[in-house]
Amino acid sequence: MSADNVEQRVREVIAEVFGLEPQEVGPKTSIETVEAWDSLQHLTVVLALEEEFDIQLDDEQTVAAVSFPVITEVVRERLELLETR
Amino acid sequence: VSSTAPAEPANLIDAAGAPHLAELREILRRDYPLFGDAVDRTAASFGTGWVDDFEETLARVCPTSEALAQAAKGYTLFAIDHLRRQRRFERDRRYAAKSYDEAARQVYLDDEYMRVRYLPGMLIAHFLWLHEYQHMRFFDFAFVSQIQMRQDPAVAEVGVGSGVYTRRVLQRVPSARGIGYDISPSSKAFAEDHMRAFGLENRYEGVLANAMTDPMEPVEWLICVEVLEHLEDPVAWLRRLRESLLPGGRAFITAALNAAQLDHIYLYEDSEQVIDQLEAAGFAVEQGFLANAHRPSGPGVPVPAVAAFIAS
């Protein structure tokens with residue numbers, strides 16, 4: 001799976017959860033900049049990503065992944081881990 | 001704005017008056033932004049009494065920066081696991097199938113899990129989660145106030161956990177003696193350290209025991225906080241608790257409703273189910289208190305809650 005493809009799919013998941021246009025999701029999209037991004041909605045994002053990519057984030061990743069760039073990085077890490085198995 | 005409106009959180013918590021709470025808030029803001037507003041949000045709900053209460057607990061139980069950082073990490077991992085399970089529960093409307101023995105192996109008998117996540121997480125949740133703190137206040141004014149009127153009362157807590165409930169009794173009732181039963185060696189140690197941190201160790205005894213099978217000394221005052229949902233047969237447990245209550249005694253018994261956690265196996269959907277079980281076990285319910293964690297996220301979506309009862 002290409003890096004661009006992962007980024008675009010993460011972008012689309014975040015956009016859908018928060019009712020944004022995909023192009024509105026960028027490097028600054030985070031819990032600090034999206035008003036609706038609270039702890040309950042955060043889990044909606046995480047569960048949607050897990051379903052989209054068929055992966056499972058651990059608790060520390062789930063706590064840390066509170067911005068578009070970090071989420072993209074964490075998803076890539078999990079996918080790479082699956083590929084090396 | 002009424003004169004009773006809470007003060008701005010920034011004025012409630014400052015490094016001079018509440019240094020440990022201010023540091024916990026800073027750790028959460030800096031390292032765990034998902035929970036970055038938790039301290040201010042709860043402070044705004046409860047005011048200065050809550051600030052003093054939580055500061056005292058943190059100062060005694062987590063006196064160093066390292067201990068505070070560890071507790072903050074434990075809390076965030078405890079909370080995120082709960083949130084993840086809760087979202088699944090909202091969809092499936094059932095807890096993950098598990099036996100009591102499985103839960104005991106995964107949680108109560110796993111020392112690292114208990115020390116790193118469960119015990120510090122639960123202790124902090126009792127202050128940061130609105131419904132949990134509301135229950136501690138109900139406990140203080142409705143139950144501890146009754147104990148205060150007795151001479152040399154003996155109190156037993158079954159499933160003592162972090163020890164926070166028994167500690168509040170021993171703090172407020174200088175003639176009281178407490179005994180805390182728990183199946184988890186980690187809980188026993190944590191609760192003993194908790195009492196020691198408050199200088200209460202001479203009036204407290206921790207006992208490693210399975211309260212379903214091991215003997216319990218009957219007492220006048222029983223505490224059993226959020227244990228029922230961990231059991232396969234809560235009524236059998238309640239019958240045993242009832243047998244351990246001396247005539248004229250009172251029990252403070254609570255249950256978590258609609259709250260998915262790793263070790264919750266019995267689903268209570270409403271407080272009437274708990275009342276029915278208390279009565280089936282021979283208790284007479286005298287007072288009750290129900291608090292939800294938050295508003296439903298949508299129509300019909302279950303919300304975690306705690307139901308508490310004082311029963312004789």
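Throughout, a chain's letter reflects where its sequence line sits, starting with A, and its residues are numbered from 1. This one's a predicted model, so the numbers in the text were calculated from it and none came from an experiment.
Looking at every heavy atom in both residues, B/P33 comes nearest to A/V66 through CG-CG2, 3.7 Å. The two atoms that bring A/D59 and B/R84 nearest to each other are OD1-NE, 4.2 Å, heavy atoms only.
Summarising the local packing, CD of A/Q23 is surrounded by more than 12 heavy atoms from other residues, nucleotides or ligands at distances under 6.0 Å. Other residues, nucleotides and ligands place more than 12 heavy atoms under 6.0 Å from the CD atom of B/E56. Counting heavy atoms of neighbouring residues, nucleotides and ligands inside a 6.0 Å radius, atom CZ of B/R30 exceeds 12 of them. Within 6.0 Å of CG in B/D92 there are more than 12 heavy atoms belonging to other residues, nucleotides or ligands.
Most heavy-atom pairs under 4.5 Å with chain B, from the set A/D58, A/L40, A/L47, A/V46: that is A/L40. Counting heavy-atom pairs closer than 4.5 Å to chain B, the top-ranked of the candidates A/T44, A/I31, A/V63 is A/V63.
At a 4.5 Å heavy-atom cutoff, A/S30 makes no contact with chain B through either its backbone or its side chain. Using a 4.5 Å cut-off between heavy atoms, B/R85 does not touch chain A at all. Heavy atoms closer than 4.5 Å to chain B are found in both the backbone and the side chain of A/Q41.
Contact annotation: the side chain of A/L43 never approaches that of B/Q86 to less than 4.5 Å [non-hydrogen atoms, C-beta and beyond].
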